[in-house]
**Student:** 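Take a look at this one; I'll ask things after.
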Amino acid sequence: METASLTLAEFAPRPELVTRTTSIDRPHTPVVDAHSHLGDEFGGGWHRRPVAELLDTLDASGVELLVDLDGGWGEAVLDRRLRKFKEAAPDRFACFGGIDWAAWSDRGDTFPEWAAARLTAQVRRGAQGLKIWKPFGLTVSDSHGRRVPVDDPRLDPVWATAAELGIPVLIHVADPVAFFRPLDAGNERYELLRAYPHWHLGRPGLPRFETVIGELATLVARHPTTTFIGAHVGCYAENLAWVSDLLDRCPNFYVDLAARLDELARQPYTARRFIVRHQDRVLFGTDWPADVAMYGTHYRFLETDDEHFLGPAGHRPGVSWPLTGIRLPGRVLRKVYRTNALRLLATGRRS
Ligand SMILES: [Zn+2]
């Protein structure tokens with residue numbers, strides 16, 4: 001369609017660069033997708049589709065094991081997922097449990113012990129980790145209606161229980177930094193936030209990004225025997241020096257790469273150095289619905305030095321950036337794709 005004037009939302013430029021295109025049919029080694037969802041909101045509704053179809057997709061993509069983080073806030077969803085996926089293919093799926101924060105208002109001071117007991121029950125049912133969703137640190141509140149900081153000492157029993165059970169805690173706090181900034185012409189996620197206004201967090205009553213991320217660092221440092229996986233490159237892909245420092249200080253801290261390819265690809269040299277330096281504590285993860293082409297794009301980013309290609313979100317100014325591959329060495333790929341995640345998931349099976 002020829003058009004004289006476009007809105008920003010309509011502007012989706014096709015790069016005219018002529019560069020090499022490497023197609024990667026199979027990843028370097030079998031892959032663990034350590035950050036996926038099988039429900040409707042983020043997972044493409046795989047929970048309603050035949051497991052065999054999902055297994056075909058995973059086989060065609062070279063994915064050996066998929067971690068479903070949708071165990072959510074209670075046991076009902078977890079049980080359904082375990083029944084559907086683990087029973088069909090026990091070695092191909094891991095499901096993480098969750099915490100029902102809404103129960104804090106009724107349970108008052110007994111909530112942390114109760115939540116720790118629920119976690120134990122979830123692991124007995126088959127959960128292999130704990131997923132903490134991003135409302136924690138933003139809107140989760142205690143029985144007095146006050147925001148619960150990420151490093152709130154009242155929750156220490158929960159983190160201690162995760163350590164005792166030998167399960168990892170995959171934690172997502174905050175969101176891209178720009179979500180917390182004023183929604184003005186200089187906001188680098190302007191177009192995305194205009195499309196999804198409820199994602200904008202620069203509102204009165206919500207903490208600043210720096211507050212939440214600082215609390216995450218305190219939490220991780222205070223619980224050295226609990227394994228924390230910081231989702232989305234440690235929840236701060238815009239500042240890999242900050243994440244690197246926390247990884248250096250805290251051997252119990254890991255990160256996944258989920259939903260941040262474009263953040264990494266706009267700093268490809270720094271991203272490559274970061275992953276190589278922390279190669280024993282970086283996990284492959286996508287946060288996209290399982291799909292052959294989606295996985296192929298991830299492999300192309302990690303394995304080739306192709307330039308300026310479209311990621312899963314395409315290329316839209318104010319939404320996402322094109323990708324530049326970082327061509328990781330094979331020995332690093334093996335760890336990031338597979339062995340780091342298998343090591344963390346195996347500790348849970350000991351209990
Ligand atoms: Zn996710």
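Excluded from the calculations below are hydrogen atoms, water molecules and symmetry mates; all remaining heavy atoms, backbone and side chain alike, are included. We count residues from 1, following the sequence as given.
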**Student:** Around Arg20, counting heavy atoms of other residues, nucleotides and ligands shown, do more than 12 lie under 6.0 Å from its CZ?
**Tutor:**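 Check passes, neighbour count above 12.
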**Student:** Distance check, rounded to the nearest 0.5 Å: Phe136 atom CZ versus Asp152 atom CG?
**Tutor:**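 CG of Asp152 is found 7.0 Å from CZ of Phe136.
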**Student:** Is Arg300 reaching over with its side chain to a backbone N or O of Gly325, donor-acceptor style, under 3.5 angstrom?
**Tutor:**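 No, Arg300 side chain to Gly325 backbone: no donor-acceptor pair under 3.5 Å.
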**Student:** Quick one: sort the His232 and His172 rings into parallel, tilted or perpendicular, breaks at 30° and 60°.
**Tutor:**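 The rings of His232 and His172 stand perpendicular, inter-plane angle above 60°.
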**Student:** Considering all heavy atoms of both residues, which atom of Asp68 and which atom of Asp70 are nearest to each other, and what is their separation?
**Tutor:**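 Scanning both residues completely, I find the closest heavy atoms to be OD1-N, 3.1 Å.
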**Student:** If the threshold is 4.0 Å, N to carboxylate O, is there a salt bridge linking Glu263 and Arg266?
**Tutor:**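 Yes, Glu263 and Arg266 are salt-bridged.
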**Student:** Can you say whether the rings of His298 and Phe284 are parallel (under 30°), tilted (30 to 60°) or perpendicular (over 60°)?
**Tutor:**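 Perpendicular.
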**Student:** Working to the nearest 0.5 Å, report the span between CZ of Arg273 and CD of Gln267.
**Tutor:**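 With rounding to 0.5 Å, CZ (Arg273) is 10.0 Å from CD (Gln267).
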**Student:** Can you find a heavy atom in the side chain of Trp101 that is under 4.5 Å from one in the side chain of Trp133?
**Tutor:**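 Contact flag for Trp101/Trp133 side chains = no.
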**Student:** Quick test of your reading: applying side chain to side chain donor-acceptor pair (under 3.5 Å), list the pairs with at least one residue in residues 317-328, sequence neighbours left out, ordered by first then second residue.
**Tutor:**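 Applying side chain to side chain donor-acceptor pair (under 3.5 Å) to every pair that reaches into residues 317-328, excluding sequence neighbours, yields Asp305-Arg327.
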**Student:** Return the minimal non-hydrogen interatomic distance between Pro329 and Val276, and the atom names on each side.
**Tutor:**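 Heavy atoms only, the tightest pair is CD-CG2, 4.3 Å.
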**Student:** Answer yes or no: is there a donor N or O on one side and an acceptor on the other, between the side chain of His47 and the main chain of Leu38, under 3.5 Å?
**Tutor:**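 Between the backbone of Leu38 and the side chain of His47 there is a qualifying donor-acceptor contact (under 3.5 Å).
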**Student:** At their closest point, which heavy atom of Leu283 faces which heavy atom of Ala341, and how far apart are they?
**Tutor:**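 Distance-wise, the nearest heavy atoms are CD2-N, 3.5 Å.
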**Student:** Report yes if the side chains of Phe93 and Leu55 come closer than 4.5 Å at any heavy-atom pair, otherwise no.
**Tutor:**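 Of all side-chain heavy-atom pairs linking Leu55 with Phe93, at least one is under 4.5 Å.
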**Student:** Hey, is the main chain of Asn187 close enough, under 3.5 Å, to the side chain of Asp184 for a donor-acceptor pair?
**Tutor:**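 Answer holds: yes.
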**Student:** Please tell me if the side chains of Ile99 and Arg118 come closer than 4.5 Å, counting only heavy atoms from C-beta onward.
**Tutor:**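 Result no, sub-4.5 Å side-chain heavy-atom pair not found.
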**Student:** Does Tyr295 use its side chain to pair, donor to acceptor, with the backbone of Ala60 at less than 3.5 Å?
**Tutor:**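 Looks like no, no N/O pair under 3.5 Å.
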**Student:** Keeping Arg272 on the side-chain end and Ile326 on the backbone end, is there a donor-acceptor pair under 3.5 Å?
**Tutor:**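 Yes, Arg272 side chain to Ile326 backbone: donor-acceptor pair under 3.5 Å.
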**Student:** Are any of the side-chain nitrogens in Arg343 or Asp280 under 4.0 Å away from the carboxylate oxygens of its partner?
**Tutor:**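 Looking at Asp280 together with Arg343, the answer is no, because their closest N to O distance does not fall below 4.0 Å.
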**Student:** Report the distance from atom CG of Asp156 to atom CG of Leu219, rounding to the nearest 0.5 Å.
**Tutor:**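 Asp156 CG to Leu219 CG: 8.0 Å, rounded to 0.5 Å.
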**Student:** Would you name the heavy atoms of Leu65 and Ala94 that are closest together and state the gap between them?
**Tutor:**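 The pair with the smallest heavy-atom distance is CD1-N, 4.0 Å.
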**Student:** Report yes or no: do Leu310 and Leu323 belong to one cluster of Ile/Leu/Val/Met/Phe/Trp/Tyr joined by side chain heavy-atom distances under 4.5 Å?
**Tutor:**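 No.
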**Student:** Looking at every heavy atom in both Val123 and Ile167, which two are closest together, and how far apart are they?
**Tutor:**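 Taking Val123 first and Ile167 second, the nearest heavy atoms are CG2-CD1, 3.9 Å.
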**Student:** Would you please indicate yes or no on a ring centroid separation below 6.0 angstrom for Phe85 and Trp46?
**Tutor:**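 No, they do not, as the ring centres are separated by 6.0 Å or more.
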**Student:** Kindly indicate whether the side chain of Trp114, heavy atoms from C-beta on, has any atom under 4.5 Å from the side chain of Trp104.
**Tutor:**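 No, side chains not in contact.
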**Student:** Any chance you could measure Leu240, atom CG, to Ile275, atom CD1, to the nearest 0.5 Å?
**Tutor:**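 Here the interatomic distance stands at 8.5 Å.
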**Student:** About how many Å separate CZ of Phe309 and OG1 of Thr297, when rounded to the nearest 0.5 Å?
**Tutor:**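 Rounded to the nearest 0.5 Å, the OG1-CZ separation comes out at 7.0 Å.
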**Student:** Checking Glu210 against Arg181 for the salt bridge (charged side-chain N to carboxylate O under 4.0 Å, His left out) test, could you report, in this order, the C-alpha distance in whole Å, the side-chain angles of both residues, the deciding distance, and whether it holds?
**Tutor:** CA-CA 11 Å; Glu210 287 75 9; Arg181 303 298 191 230; 3.0 Å; yes
**Student:** Tell me yes or no: between the side chains of Glu303 and Tyr337, is some donor less than 3.5 Å from an acceptor?
**Tutor:**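 A donor-acceptor contact under 3.5 Å links the two side chains.
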**Student:** Side chain of Arg92, backbone of Glu64: donor and acceptor closer than 3.5 Å?
**Tutor:**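 Yes.
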**Student:** Could you check whether atom CG of Asp109 has more than 12 heavy atoms from other residues, nucleotides or ligands sitting under 6.0 Å from it?
**Tutor:**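 Atom CG in Asp109 is not packed in, count stays at 12 or less.
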**Student:** Taking the side chain as every heavy atom from C-beta outward, state whether Leu130 and Val158 have any pair of such atoms under 4.5 Å apart.
**Tutor:**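 The answer is yes; the side chains approach within 4.5 Å.
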**Student:** Look only at the side chain of Arg147 and the backbone of Ser141, and say whether a donor-acceptor pair between them is shorter than 3.5 Å.
**Tutor:**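 No, Arg147 side chain to Ser141 backbone: no donor-acceptor pair under 3.5 Å.
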**Student:** For Arg124, does the CZ atom sit with more than 12 other heavy atoms under 6.0 Å from it, leaving out its own atoms?
**Tutor:**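 Result for CZ/Arg124: open.
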**Student:** Looking at Pro168 and Leu344, what are the two nearest heavy atoms and their distance?
**Tutor:**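 Taking Pro168 first and Leu344 second, the nearest heavy atoms are CD-O, 4.0 Å.
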**Student:** Can you tell me how far CG of Asn340 sits from CG of Asp256, rounded to the nearest 0.5 angstrom?
**Tutor:**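 One finds 12.0 Å between CG of Asp256 and CG of Asn340.
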**Student:** In terms of hydrophobic clustering (I, L, V, M, F, W, Y; side-chain heavy atoms under 4.5 Å; direct or indirect links), are Met294 and Val292 co-clustered?
**Tutor:**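 The answer is no; the residues belong to distinct hydrophobic clusters.
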**Student:** Between Asp79 and Arg83, does any NZ, NE, NH1 or NH2 come within less than 4.0 Å of an OD or OE carboxylate oxygen?
**Tutor:**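 Between Asp79 and Arg83 there is no salt bridge, as every charged N stays at least 4.0 Å from the carboxylate O atoms.
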